Participant: 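Handing you a structure now.
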Amino acid sequence: MKAYVTIFDKHSSLIDLFERYGFYYYGKKDSVSGVESVYIKNANKIFNDMYLDYPKIHIRDNNKFLLSIYPKFHTRMFPDSKLRTEKDLFIEDVSSSNSIEKIYLSGAYHLDRFKKGDIAVIYRTSDNGPAWYESVATSVCVVEEIKHISQFSSYKEFLDYCIKYSVFEEKELRKFWKSKKYPFLIKMLYNIALKKGQSENNL
C-alpha cells in the first residue's frame, strides 16, 4: 500500500517533515496552480526506524508501559482519543493537539527506566466517576526521549523545549519549573488512537 502527497518546492520545511516520516521524492505533477513535486510513502517497506516507519510500531526488543494522564490534559493532548462522553467537547486548535509529537511532564517514578523506541500506552485516569467507564487506555505512543528537569540549565531552555508540543500553558510550565513536582519530561510520537470499542473498557 502506498500514500502520496503533492507539494510545491517552496514549502521546504514541509518537505523535510514528510521525508522525516518516510516519504520520498517520486516526480513532478502539473496542476492548475502550477508544477508540484510528488512524494510517496510505501507502507509495506520497513526501515526499522521509528520515524521512517511511522505510524507502524516496533514491538520487539523494547519496553512497554502505561502512562497515566489526567482527563483535563488528556483530551487536549489526544483529541482523536477522546471518549464518547466528550463528543461535544470543544478542542482548541493548538500545536499540542495537532502535532504528531507530544511532550508531557510526569512525576511517575519509573520513567527513568525507559528509552527511545519504548512503547507508552496512554491511560486516561478517571474524572472521579466509576473507573469502569472513565479510566481507560486510549492511545499508543512511541518514546522519542525522556529528560529530567534537572538537565535544563535555565527556565528559558526548559520552556523552549516544552512550549510547542506540550499540553501545558506557559503559566503551568513556570509553576512546574519552580516546584519540580513533575520532574520527568517524556517526548513521544502519537502513533495510534485506539478504537472506541477497545478504549472504553477498563484494563
Side-chain angles (χ1 to χ4, degrees), residues 1-58 62 69 73-82 89-105 115-120 122 138-147 151-174 177 185-195:
M1 185 177 69
K2 294 181 180 180
Y4 79 93
V5 294
T6 58
I7 312 172
F8 290 108
D9 290 343
K10 65 181 180 180
H11 300 302
S12 57
S13 59
L14 184 58
I15 289 172
D16 289 343
L17 183 63
F18 275 109
E19 288 181 334
R20 186 188 189 201
Y21 289 101
F23 284 81
Y24 61 90
Y25 175 76
Y26 182 78
K28 297 290 186 181
K29 176 184 177 181
D30 291 323
S31 69
V32 176
S33 302
V35 178
E36 298 178 90
S37 292
V38 179
Y39 287 79
I40 288 178
K41 181 178 177 72
N42 186 345
N44 296 320
K45 189 171 182 179
I46 303 297
F47 296 92
N48 291 316
D49 181 281
M50 63 185 292
Y51 303 106
L52 295 177
D53 293 333
Y54 182 88
K56 289 186 175 71
I57 293 175
H58 300 283
N62 56 11
I69 295 183
F73 299 127
H74 175 273
T75 304
R76 283 159 49 187
M77 197 172 182
F78 301 101
D80 292 337
S81 298
K82 66 182 181 181
L89 184 65
F90 173 74
I91 307 298
E92 190 176 356
D93 186 15
V94 293
S95 296
S96 60
S97 297
N98 297 325
S99 175
I100 290 171
E101 290 186 289
K102 311 286 184 181
I103 292 176
Y104 192 68
L105 275 72
K115 62 186 186 302
K116 182 176 180 179
D118 286 345
I119 296 173
I122 304 303
T138 65
S139 319
V140 181
C141 296
V142 175
V143 175
E144 289 189 79
E145 64 178 355
I146 293 176
K147 287 180 172 286
Q151 293 177 248
F152 298 93
S153 60
S154 66
Y155 171 67
K156 183 181 184 304
E157 184 183 346
F158 168 75
L159 181 65
D160 289 345
Y161 180 85
C162 294
I163 195 64
K164 188 174 181 181
Y165 301 119
S166 169
V167 69
F168 304 108
E169 298 175 355
E170 184 173 351
K171 62 181 179 181
E172 293 170 318
L173 291 171
R174 182 176 292 276
W177 172 257
L185 293 83
I186 176 168
K187 186 176 184 181
M188 51 195 169
L189 296 181
Y190 180 28
N191 291 67
I192 299 171
L194 299 178
K195 294 179 181 179

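Source: prediction; values computed, not measured.
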Participant: Who pairs with Tyr21 by ring-ring contact (aromatic ring centres under 6.0 Å, His included), at least two apart in sequence or on another chain?
Facilitator: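 Expected list: Tyr54.
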Participant: Heavy atoms only: give me the nearest Cys162-Leu105 pair and the separation to one decimal.
Facilitator: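 So the minimum-distance heavy-atom pair works out to SG-CD1, 4.3 Å.
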Participant: Set out, in order, the CA-CA distance, both residues' side-chain angles and the distance that settles side chain to side chain contact (heavy atoms under 4.5 Å, CB included) for Tyr26 and Lys2, then state yes or no.
Facilitator: CA-CA 12 Å; Tyr26 182 78; Lys2 294 181 180 180; over 6 Å; no
Participant: Hey, could you give me each pair passing ring pair (Phe, Tyr, Trp, His ring centres under 6.0 Å) that has a residue in residues 27-53? Not counting sequence neighbours.
Facilitator: Tyr25-Tyr39
Participant: Taking only residues two or more places apart in sequence or in another chain, which ones pass salt bridge (charged side-chain N to carboxylate O under 4.0 Å, His left out) with Glu144?
Facilitator: Arg20
Participant: What's the shortest heavy-atom distance between Val167 and Arg76, and which atoms?
Facilitator: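 Heavy atoms only, the tightest pair is O-NH2, 2.6 Å.
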Participant: At what distance, to the nearest 0.5 angstrom, does CD1 of Ile192 lie from NZ of Lys56?
Facilitator: 11.0 Å
Participant: For Asn48, check side-chain contact (heavy atoms from CB on, under 4.5 Å) against everything at least two apart and list the hits.
Facilitator: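 Once residues adjacent in sequence are excluded, the partners of Asn48 under the side-chain contact (heavy atoms from CB on, under 4.5 Å) criterion are Ile46, His58.
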Participant: Please name all residues satisfying side-chain contact (heavy atoms from CB on, under 4.5 Å) with Ser33, sequence neighbours left out, ordered by chain then number.
Facilitator: Phe8, Ser31
Participant: For Phe158 versus Leu173, what's the shortest heavy-atom pair and its separation?
Facilitator: CE2-O, 3.5 Å
Participant: Is a side-chain donor or acceptor of Asp49 paired with a backbone partner of Leu52 at a separation under 3.5 angstrom?
Facilitator: yes
Participant: Applying side-chain hydrogen bond (donor to acceptor under 3.5 Å, both in side chains), can you list everything that pairs with Ser153, at least two apart in sequence or on another chain?
Facilitator: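 With sequence neighbours excluded, Ser153 shows a side-chain hydrogen bond (donor to acceptor under 3.5 Å, both in side chains) to Glu157, given in chain and number order.
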Participant: So, taking the atom named CD in Gln151 and the one named CG in Leu185, what distance separates them when rounded to the nearest 0.5 Å?
Facilitator: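 Going from the CD atom of Gln151 to the CG atom of Leu185 covers 8.5 Å.
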Participant: Side-chain contact test, heavy atoms from C-beta onward, threshold under 4.5 Å: evaluate it for Thr138 versus Leu194 and give yes or no.
Facilitator: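 Sidechains of Leu194 and Thr138: no contact.
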Participant: Cys141 and Met188: which non-hydrogen atoms are nearest, and at how many Å?
Facilitator: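 Looks like CB-SD, 3.8 Å.
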Participant: Which distance, rounded to the nearest 0.5 Å, do you find between the CD of Glu169 and the CZ of Arg174?
Facilitator: 13.5 Å
Participant: Given side chain to side chain contact (heavy atoms under 4.5 Å, CB included), test Glu101 with Lys164 step by step and report yes or no.
Facilitator: CA-CA 9 Å; Glu101 290 186 289; Lys164 188 174 181 181; over 6 Å; no
Participant: State the CZ-CG distance between Phe23 and Asn42, to the nearest 0.5 angstrom.
Facilitator: 11.0 Å
Participant: Report the residues that fulfil side-chain contact (heavy atoms from CB on, under 4.5 Å) with Glu145, sequence neighbours left out, ordered by chain and then residue number.
Facilitator: Lys147, Tyr161, Lys187
Participant: Show the numbers, then the answer: is there a side chain to side chain contact (heavy atoms under 4.5 Å, CB included) between Lys102 and Phe78?
Facilitator: CA-CA 9 Å; Lys102 311 286 184 181; Phe78 301 101; 4.1 Å; yes
Participant: I want to check something: taking the side chain as every heavy atom from C-beta on, are Glu172 and Phe73 in contact at a cut-off of under 4.5 Å?
Facilitator: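 Yes, close enough: below the 4.5 Å cut-off.
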Participant: Per the salt bridge (charged side-chain N to carboxylate O under 4.0 Å, His left out) rule, what does the pair list look like for residues 22-31, sequence neighbours excluded?
Facilitator: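 Applying salt bridge (charged side-chain N to carboxylate O under 4.0 Å, His left out) to every pair that reaches into residues 22-31, excluding sequence neighbours, yields Asp9-Lys28.
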Participant: When rounded to the nearest 0.5 angstrom, what is the spacing between CD1 in Ile100 and CG in Leu17?
Facilitator: 6.5 Å
Participant: Could you pull out all residues at least two apart from Asp160 that satisfy side-chain contact (heavy atoms from CB on, under 4.5 Å)?
Facilitator: Lys156
Participant: Please give me the minimum heavy-atom distance between Asn191 and Leu189, naming the atom from each residue.
Facilitator: OD1-O, 3.0 Å
Participant: When the ring centroid of Tyr104 is compared with that of Phe168, is the distance short of 6.0 Å?
Facilitator: yes
Participant: Suppose we screen for salt bridge (charged side-chain N to carboxylate O under 4.0 Å, His left out). Which residues come up paired with Asp118, at least two apart in sequence or across chains?
Facilitator: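 Asp118 satisfies salt bridge (charged side-chain N to carboxylate O under 4.0 Å, His left out) with Lys115 only.
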